[in-house]
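Values reported hereafter were calculated over all heavy atoms of this structure, with side chains retained and with hydrogens, waters and symmetry mates removed. Note that the coordinates shown come from a computational prediction; the quantities given were computed from them, not determined experimentally.
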Amino acid sequence: MNYREAICSRILGEAPIVALLDEYAGAGAVFSPRKPEDYEYTDKPAVIIRPPTDMEDVSPFGADLARTLITVSIYALLAPNSTDDSKVSDVARRLRTLFRVPFEGADGTTYQGIVSGPIPAPVDNPRMAGELIQLRLHMEA
């Protein structure tokens with residue numbers, strides 16, 4: 001299992017978060033590394049786990065731990081004539097809290113995250129709301 005799969009599994013394993021997400025193919029709308037072409041955003045948030053960036057610095061958890069920077073994007077459509085982005089903000093805050101707690105992947109790898117954000121995500125549609133969080137994941141086999 002790789003860390004993107006572990007992150008997807010961690011999100012989809014949290015029923016309170018999944019209940020806030022849009023649905024796609026019978027599951028919560030969590031995609032990696034991009035949303036499928038046939039997926040259309042709705043007023044319920046979707047999560048996109050972006051391709052990682054490897055970090056060159058040493059992990060504060062020990063030199064033998066890998067360190068990876070991953071951006072998690074949360075997007076949803078706003079209702080017409082609305083600026084209420086609370087659904088997106090709620091999911092972003094919950095994900096930030098979720099990844100501050102160490103978790104184990106299916107392959108036994110332990111993941112510890114340092115989380116920053118959320119910050120506003122770039123959008124090209126005035127009806128879209130988006131936020132980003134960044135995970136600096138430390139992995140220990």
Please determine, by modelled atom types, if Ser89 and Glu131 share a side-chain donor-acceptor pair under 3.5 angstrom.
yes
State, without any angle test, whether Ser82 and Asp84 hold a side-chain donor-acceptor pair at a distance under 3.5 Å.
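No donor-acceptor contact under 3.5 Å links the two side chains.
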Tell me, do [X] and [Y] make a side-chain contact under 4.5 Å, heavy atoms counted?
X: Glu104; Y: Tyr111; value: no
X: Ile48; Y: Tyr75; value: yes
X: Leu135; Y: Arg100; value: no
X: Arg50; Y: Pro33; value: no
X: Glu14; Y: Ile11; value: no

Stepwise side chain to side chain contact (heavy atoms under 4.5 Å, CB included) test for Ile70 and Ile7
CA-CA 10 Å; Ile70 298 171; Ile7 292 169; 3.5 Å; yes
Under 3.5 Å, sequence neighbours excluded: what are the donor-acceptor pairs made by side chains of residues 114-127?
residue	atom	partner	partner atom	Å
Asn125	OD1	Arg127	N	2.8
Arg127	NE	Leu78	O	3.0
Arg127	NH2	Leu78	O	2.7

So, taking the atom named [atom1] in [X] and the one named [atom2] in [Y], what distance separates them when rounded to the nearest 0.5 Å?
X: Ile74; Y: Arg93; atom1: CD1; atom2: CZ; result: 11.0 Å
X: Tyr41; Y: Leu77; atom1: OH; atom2: CG; result: 9.0 Å
X: Leu95; Y: Arg10; atom1: CG; atom2: CZ; result: 10.5 Å

Which ring-ring contact (aromatic ring centres under 6.0 Å, His included) pairs, counting each pair once, include a residue from residues 79-100, with sequence neighbours left out?
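Passing the test, one end in residues 79-100: Phe99-Phe103.
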Determine, stepwise, if the pair Leu132 / Val72 fulfils side chain to side chain contact (heavy atoms under 4.5 Å, CB included).
CA-CA 6 Å; Leu132 305 173; Val72 178; over 6 Å; no
Please output the side-chain donor-acceptor pairs of residues 15-24 that fall under 3.5 Å, not counting sequence neighbours, one pair per line with the distance.
residue	atom	partner	partner atom	Å
Asp22	OD2	Tyr39	OH	2.6
Asp22	OD2	Thr42	OG1	3.1
Tyr24	OH	Asp38	OD1	2.6
Tyr24	OH	Asp38	OD2	3.3

Hey, is the main chain of Glu5 close enough, under 3.5 Å, to the side chain of Ser9 for a donor-acceptor pair?
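Side chain of Ser9 to backbone of Glu5, a donor-acceptor pair under 3.5 Å: yes, one is there.
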Closest non-hydrogen atom pair, Gly105 against Ala6:
CA-CB, 4.4 Å
Which heavy atom in Ala29 sits nearest to a heavy atom in Pro45, and how many Å separate them?
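Taking every non-hydrogen atom into account, CB-O, 4.4 Å.
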